[in-house]
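Here the structure is laid out as structure tokens; the discussion comes afterwards.
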Amino acid sequence: MNTFLVSDPSDMAQQNLNLFSLSLLSLATMTLATSLSPKCSVGGPVVATTPLVTFLERVQETALGTFGEEDFDPKLYVDLSLKFNLSKTQKAFDELPRSGENGTVSVEDLKVFIATYFDDAADDLVYYDPVDFVPEPEGFLPKVKNPEVRSWALEVHALWKNLSRKVSDGVLEHSELHTLLPLPEAVVVPGSRFREVYYWDSYWVIRGLMASKMYETAKAIVTNLIFLVDTYGYVLNGARAYYTNRSQPPLLSAMVYEIYNRTCDVELVRKALPALLKEHAFWNSEIHKVTIQDAQGFNHNLSRYYAIWNKPRPESSTIDKESASKFFGNSEKQQFYRDVASAAESGWDFSTRWMRNTSEFTTLSTTSILPVDLNVYILKMELDIAFLAKILGNKSTMESFMEVAEARKNAINSVFWDAEKGQWLDYRLTNGTICKESETWQACNQNQNAYASNFIPLWIDLFHSDTALVENVMRSFQSSGLVHAAGIATSLINSGQQWDFPNGWAPLQHMIVEGLLRSGLKEARSLAEDIAVRWIKTNYVGYKKTGAMHEKYDVRKCGAFGGGGEYIPQTGFGWSNGVVLTFLEEFGWPEDRSIGC
């Protein structure tokens with residue numbers, strides 16, 4: 001008897017999802033076991049991609065040759081889903097008439113081929129009406145007294161409905177035709193070209209959902225991320241087959257912590273803790289962990305970004321190949337591709353933070369840098385795991401993670417802290433290879449440039465509870481040049497990259513503001529509120545001018561949205577919505593305070 005025979009289509013979809021998950025889990029476990037352990041494997045480890053992704057990269061490259069560079073978004077083509085099986089689609093693609101040396105396909109032929117063989121890139125996900133959404137939740141933003149601001153906040157709150165999706169039945173039943181991964185629960189997407197769930201975006205989405213009293217939607221997001229850990233051993237950058245080679249800033253524990261603090265949901269903690277332990281092991285695996293010996297001879301373990309990939313990113317393959325054309329050797333290209341993917345793993349894609357020469361993109365060396373913020377996120381993970389283990393009565397896990405957290409705090413202070421500047425500075429490894437067991441700390445390897453990330457440690461209680469330290473860091477922050485009319489700049493270098501000047505990003509505003517606020521210092525709270533007010537105003541004015549919330553903003557001018565980078569500015573937008581609602585919940589808005597610029 002075949003135990004998999006079912007009559008209900010929804011049961012069939014669930015069984016397909018379970019089988020797909022099991023096969024991915026065995027593949028991921030095998031991959032992790034074989035590729036993350038050897039520290040000196042030639043060229044470093046790589047996670048295999050799927051035949052579908054490889055084929056869609058070919059379609060992407062052909063489309064660029066046919067349609068040209070203007071308004072070309074390479075991601076669109078790897079998001080397409082097949083109407084027929086891969087072999088039939090490939091055969092039709094290979095039979096397309098081509099002309100010239102480059103084998104160019106005509107515009108008409110390629111348009112007909114795409115319309116015939118592919119479904120739209122947005123069809124993988126369908127709109128979903130969240131069960132816990134109400135137009136005006138009870139107890140919503142009680143400190144917001146200004147009716148104009150309150151009305152706008154309710155419009156931002158309503159955007160959660162616009163951004164809520166669930167995976168289509170087609171993905172669940174025929175996952176092999178899609179690059180979208182079959183997540184078990186509904187999702188909240190960032191917006192625009194970002195059609196799938198993203199890892200670190202989800203933290204600020206959840207913070208906003210907390211303000212909107214949408215606890216079930218927030219728990220569903222966490223359930224999906226736990227599913228990814230259970231399947232792959234880590235949370236992916238995003239829920240696509242082409243993102244399996246990297247993660248993103250690890251904030252899953254912070255999401256669980258925030259939801260527990262609002263809901264006291266012990267079952268969520270019980271479900272999450274094994275995944276958090278697995279994720280912690282991933283970020284402390286051989287490829288991520290680097291040992292630095294300080295001037296006193298003490299060893300400190302810290303982590304770095306390290307994508308498990310050495311080829312062009314499929315979602316930006318044509319762009320990466322063009323950038324890499326400056327290199328002649330294959331090994332140089334592979335290292336460049338790994339550093340590009342690792343910069344994408346950092347969330348800061350792209351920034352002069354990762355470049356040896358701030359005016360030359362091809363000098364990216366992400367894997368040779370120990371980042372301040374990544375180690376702060378892992379420290380928070382360690383503190384969160386200790387907290388959550390205590391809730392479950394797991395004393396040994398709690399104690400061991402408190403010890404691990406204390407060690408990382410000491411490492412952050414020993415390797416990153418610059419007492420003269422009053423900032424924590426990224427540390428560049430002298431030889432970037434993964435074979436070196438450890439290296440000796442040298443002051444000249446700290447990156448002296450001002451970045452918003454230099455102040456992210458303030459977000460953590462272990463740092464913002466030190467009054468003298470906060471006063472020192474606050475003075476440094478105020479004189480850093482990063483604070484502008486409409487918020488905190490990402491850096492002081494106008495490189496044309498989006499994680500540089502003049503862009504300001506919601507996550508960076510939030511972490512610095514929340515760190516200052518939680519220090520308890522009156523002056524710090526005043527500074528935090530001043531920055532929050534500037535940020536709320538620029539979001540409001542931008543919304544009134546354009547009818548949308550934006551991914552990033554230009555901090556030089558109130559109401560101006562940001563630019564730069566490898567794609568056009570996006571709207572929606574998950575984390576911007578979340579941070580505005582979080583700030584309004586914390587600081588409110590007096591009736592007599594102006595909301596205009």
Side-chain angles (χ1 to χ4, degrees), residues 200 203-204 206-207 210 248-261 276 279-280 283-284 300-305 346-348 370-390 398-419 421-427 451-477 480 482 488 505-521 524-525 527-528 531-532 579 582 586:
W200 79 314
Y203 174 75
W204 287 280
I206 283 174
R207 290 299 298 263
M210 296 294 99
Q248 254 192 342
L251 291 167
L252 178 57
S253 72
M255 300 178 211
V256 177
Y257 178 89
E258 292 297 334
I259 295 172
Y260 176 80
N261 276 346
L276 296 177
E279 184 180 44
H280 184 265
W283 283 103
N284 289 278
H300 300 282
N301 292 327
L302 290 162
S303 300
R304 61 171 170 180
Y305 292 109
S346 78
W348 286 51
L370 294 177
V372 170
D373 47 0
L374 171 60
N375 285 282
V376 168
Y377 303 142
I378 297 172
L379 172 57
K380 176 149 177 59
M381 185 198 306
E382 290 160 350
L383 293 167
D384 290 341
I385 288 173
F387 173 81
L388 299 170
K390 184 179 180 182
M398 180 197 76
E399 289 175 347
S400 65
F401 272 87
M402 287 305 293
E403 285 179 22
V404 167
E406 187 62 29
R408 191 173 299 270
K409 177 199 171 185
N410 292 336
I412 288 170
N413 282 335
S414 295
V415 176
F416 299 136
W417 176 244
D418 184 317
K421 284 181 85 86
Q423 299 176 25
W424 292 269
L425 307 174
D426 292 339
Y427 188 84
Y451 294 96
S453 52
N454 297 5
F455 301 95
I456 297 302
L458 276 185
W459 191 44
I460 305 297
D461 178 65
L462 286 180
F463 296 109
H464 67 230
S465 58
D466 182 334
T467 300
L469 177 69
V470 173
E471 289 173 342
N472 184 6
V473 174
M474 190 166 60
R475 283 193 298 272
S476 175
F477 175 61
S480 67
L482 292 170
I488 303 166
W505 294 80
L508 303 179
Q509 318 297 314
H510 175 257
M511 286 184 284
I512 293 172
V513 164
E514 191 162 83
L516 290 167
L517 178 67
R518 289 182 174 172
S519 72
L521 271 67
R525 182 186 173 89
L527 177 59
I531 293 165
V579 169
T582 302
E586 177 59 48

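Hydrogens, waters and symmetry mates play no part in the numbers below; they use all other heavy atoms, side chains included. Everything quoted here is computed from the prediction, not taken from an experiment.
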Report summary line: Looking only at heavy atoms, the pair that brings L516 and F477 closest together is CD1-CE2, 4.4 Å
Query - Heavy-atom check, side chain of P249 versus side chain of Y305, under 4.5 Å - result: yes
Query raised in the report: At what distance, to the nearest 0.5 angstrom, does CD1 of I206 lie from OG1 of T582?
Result: 11.0 Å
Query raised in the report: Closest heavy-atom contact between Q423 and S480?
Result: NE2-CB, 4.4 Å
Query raised in the report: Side chain of S519, backbone of V470: donor and acceptor closer than 3.5 Å?
Result: no
**Report entry** Derivation of the side-chain contact (heavy atoms from CB on, under 4.5 Å) call for E406 and N410
**Finding:** CA-CA 6 Å; E406 187 62 29; N410 292 336; 3.8 Å; yes
**Report entry** Side-chain touch Y451/L508, heavy atoms, less than 4.5 angstrom
**Finding:** no
Report task. Using atom types as modelled and distance alone, determine if a side-chain donor or acceptor of N375 lies under 3.5 Å from a backbone N or O of P371. Result -> yes
**Report entry** Residues N454, L425; criterion side-chain contact (heavy atoms from CB on, under 4.5 Å); working and verdict
**Finding:** CA-CA 6 Å; N454 297 5; L425 307 174; 3.5 Å; yes
Query raised in the report: Out of curiosity, L388 CG to L383 CG, how far, rounded to the nearest 0.5 Å?
Result: 11.0 Å
Report task. Could you tell me whether the side chain of F455 reaches within less than 4.5 Å of the side chain of I488, counting heavy atoms only? Result -> no
**Report entry** Side-chain heavy-atom pair W417, V473 within 4.5 angstrom cut-off
**Finding:** yes
Report summary line: Distance col, row W200:CH2 vs S346:OG, nearest 0.5 angstrom, shows 7.5 Å
Query - Heavy-atom closest pair, residues N284 and S303 - result: OD1-OG, 3.9 Å
Query raised in the report: Under the side-chain contact (heavy atoms from CB on, under 4.5 Å) criterion, do Q509 and I531 qualify, and how do the steps go?
Result: CA-CA 8 Å; Q509 318 297 314; I531 293 165; 4.1 Å; yes
Query raised in the report: Got a donor-acceptor contact below 3.5 angstrom from the S414 side chain to the A411 backbone?
Result: no
**Report entry** F463 side chain reached by N413 side chain, heavy atoms, under 4.5 Å
**Finding:** yes
Query raised in the report: Which class fits the ring pair Y203 and H510: parallel under 30°, tilted 30 to 60°, perpendicular over 60°?
Result: tilted
Query raised in the report: Within a strict 4.5 Å, meaning less than it, do heavy atoms of the F387 and Y260 side chains meet?
Result: yes
Query raised in the report: Got D384 and L276 here, is their nearest side-chain heavy-atom distance under 4.5 Å?
Result: no
Query raised in the report: More than 12 heavy atoms of other residues, nucleotides or ligands under 6.0 Å from NZ of K421: is that the case?
Result: yes
Report task. List the atom of L302, the atom of R408, and the distance in Å for their closest heavy-atom pair. Result -> CA-NH1, 4.0 Å
**Report entry** Separation of M255 CE from R207 CZ (nearest 0.5 Å)
**Finding:** 12.0 Å
**Report entry** Criterion side-chain contact (heavy atoms from CB on, under 4.5 Å) on I512 and I456, from CA distance to verdict
**Finding:** CA-CA 6 Å; I512 293 172; I456 297 302; 4.2 Å; yes
**Report entry** Nearest-0.5 Å distance, CE of residue M402 to CD1 of residue I385
**Finding:** 12.5 Å
Report summary line: Closest heavy-atom pair, D373 versus S453, reported as atoms and distance to 0.1 Å, is OD2-CB, 3.9 Å
Query raised in the report: Just how far is it from atom CZ of R518 to atom CG of L458, taken to the nearest 0.5 Å?
Result: 12.5 Å
Query raised in the report: Can you name the closest pair of heavy atoms from W459 and M511 and give their distance?
Result: CD1-O, 3.5 Å
Report task. Please say whether more than 12 non-hydrogen atoms of neighbouring residues, nucleotides or ligands are located less than 6.0 Å from CE in M398. Result -> yes
Query raised in the report: Are any of the side-chain heavy atoms of H280 and V404 separated by less than 4.5 Å?
Result: yes
